[in-house]
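Have a look at the structure below before the remarks.
Proteins get letters first, then strands, A, B, ... in listed order; numbering begins at 1 in each.
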Protein chains: 2
Amino acid sequence: MGEIRNKDGLTEEEFLKQYKPSKYERPSVTVDMLILCMSRYLDNLKVLLIQRKNHPYINCWALAGGFVGIYESTYDAACRELQEETGLVTNTYLEQLYTMSNPDRDPRMRVIDVAYITLMREQPVLAGDDAKKALWFDISLHDDILELKNEEENINIKYCLHKKIFKNGVVDTTGYTQESITDEKLAFDHNEIILEGLLRLKNKILYSDIAFNLLPEEFTLPDVKRVYEVILGKELYKSNFNANIKSKLISTDCKITSMIKGGKKAAGYKYKGQ
Amino acid sequence: MGEIRNKDGLTEEEFLKQYKPSKYERPSVTVDMLILCMSRYLDNLKVLLIQRKNHPYINCWALAGGFVGIYESTYDAACRELQEETGLVTNTYLEQLYTMSNPDRDPRMRVIDVAYITLMREQPVLAGDDAKKALWFDISLHDDILELKNEEENINIKYCLHKKIFKNGVVDTTGYTQESITDEKLAFDHNEIILEGLLRLKNKILYSDIAFNLLPEEFTLPDVKRVYEVILGKELYKSNFNANIKSKLISTDCKITSMIKGGKKAAGYKYKGQ
DNA sequence: CAAATAGTGTCTCTTAGACAATATCTC
DNA sequence: GAGATATTGTCTAAGAGACACTATTTG
């Protein structure tokens, strides 16, 4: 195999030795993490945002992220950043979401951003090493309004969504353009990443068990149901939901208090884990 | 907004002027296109592969692709390469598939590759400008064997798939490792892209209309059914399938000959397009 | 004890799955 | 005309959707 020569008469070894990779101008590559958890009383999803302390988008809120090292995969970079930026444990669900590549998405330079989505239980976050503020924001997505809110700090970020249908081959594909309708804004195209992530989550809980990443180890049936309801954005029927979900659960034979506000004691369950 | 100053006292404009983007070593970024169509008699899917004429993976078959220009999005790059490399018309279904980022996936240098999937009708392909050979390969994916075959040139590429289950948070995720079991091989990690694309397609035809991108404008019910059967890898019931699909179709009030070998004349239909 | 939530049962309607029967076309 | 394929119809089983009822817990 190494014996094959190319049109210049070079073997692979010789070729690699003389290869100059600087033929093309190269973009920077970053990863960003859409870090989601459920609120304490299971009222809504939350997203972790970090306040930027420098241009561009100074003072704006952004997803946690950073540059991809030259010797690491984007997945490894995402794990590393997750730890570094927030001090969060890494044993969480982590899935590649979408690669953002609009050439003018970053005014500093050309940056291609590989977005990941992470599902975890809520936990206190350390401020990053460079004194950036990190906060959980309540998410609501109703009536074409995407709203991110932090009550304690009284921060409110709102986007208005406009449906956009474009032809992709013979099929119509629905996309969204977004318009910020508050003073506070998200940095870069992070609003698009958040929306994309919410849609992915909504779609994927219907045929997978990823929702259990958002719950503690032990939970009640109303707790799981609430998680599905928040993500799907609609009420579900108790009886039907319970019957379906039970096949994925093991009873712990304890009665525990539901996480839901006003919830009662109910049977404890664990995720069976296939 | 431009008036806000960072900790060095710079406005955004001043900051951008002095910003040096060369702090981090940057990977090259490429796009690759998984170009799929149906075979003439609707027997199987086909993938377009290009034979490499230089190291690395000299003489191996690879997906069409190329470098992302510094002023274009990866989507635009994919469209451009589609045209340049193969002369194929660009009005085809084009969807981002996955970003491949293993640091040693290219022995020349660090390359991050954004893979796209394209669905089209079969058409003759021009050899690329740099005299590379471009051929359609019949795909078969059965019993954990991925096989790519070109009858005319007698080329056979086979991979054996091994199921690999890994924990992602609390859920088990199924992946595959692949092992080439023929002399001919695919370049880089393109085998992984092909498998990922086939799985995406299999999943997505169940809830979308993308399959119609693989058919000519007018077709018969048995034709559509066959496309679904090939992609799903199983036989479907005529009666049930027809009843379901008809809501997406308009009759052309003509009888046309089915594309299927041994097929009869049957009612012609067009995709209604939502 | 009152009000709300947890848990169970049942009914309907739709859909998926499976065959059977007839009509039509190709060779 | 024989053998295949196209087209339509029917039956069953499983699942989604909807609601009612009882049991339990909280305040």
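Side-chain N/O atoms of A/Gln178 and A/Tyr176 include no donor and acceptor closer than 3.5 Å.
Among all heavy-atom pairs drawn from A/Leu249 and A/Tyr271, the shortest one is CD2-CA, 4.0 Å. Considering all non-hydrogen atoms of both residues, B/Asn168 and A/Asn213 come closest at O-OD1, 4.0 Å. The heavy-atom pair separating B/Met120 from B/Trp136 by the smallest distance is SD-CH2, 4.1 Å.
For A/Tyr237, counting side-chain heavy atoms from C-beta on, the closest listed nucleotide (D/dA18, C/dA4, D/dT8) is D/dA18. Nearest to the side-chain atoms of A/Lys265 among the listed nucleotides D/dT26, C/dT24, D/dT24 stands D/dT26. Side-chain atoms of A/Lys238 lie closest to C/dG7 of the nucleotides D/dT7, C/dG7, D/dT24. Comparing atom distances between the B/Lys255 side chain and each of D/dA6, C/dG7, C/dT24 picks out C/dT24 as nearest.
Within the nucleic acid shown, B/Lys261 has no heavy atom closer than 4.0 Å to any nucleic acid atom. Contact annotation for A/Ala267: backbone-only contact, meaning every heavy-atom pair under 4.0 Å involves sugar-phosphate atoms and none involves a base. Using a 4.0 Å heavy-atom criterion, one finds that A/Lys246 contacts the sugar-phosphate atoms exclusively.
Between B/Asn242 atom CG and D/dT10 atom P the separation is 16 Å, expressed in whole Å. Straight-line distance from the CD1 atom of A/Ile256 to the P atom of D/dT26: 13 Å, rounded to whole Å. If you measure from atom CD1 of A/Ile260 to atom C1' of D/dT25, you get 14 Å, rounded to the nearest angstrom. Following rounding to the nearest Å, A/Arg226 (CZ) and C/dT5 (C1') show an atom-to-atom distance of 12 Å. Atom CG in B/Leu236 sits roughly 9 Å away from atom P in C/dG17 (whole-Å rounding). Atom CG in B/Asn240 sits roughly 12 Å away from atom C1' in D/dT12 (whole-Å rounding). Atom pair A/Phe241:CZ and D/dA16:P shows a separation of 12 Å (rounding to whole Å applied). A/Asn244 places its CG atom 14 Å from the P atom of C/dT8, with the value rounded to the nearest Å.
With rounding to the nearest 0.5 angstrom, the CG atom of B/Leu82 is 9.0 Å from the CG atom of B/Leu48.
If B/Lys264 and A/Gly262 are placed on DNA chain C by their nearest nucleotide, the residue sitting closer to the 5' end is A/Gly262. Between A/Ser239 and B/Gly263, the residue whose closest nucleotide on DNA chain D is further toward the 5' end is B/Gly263.
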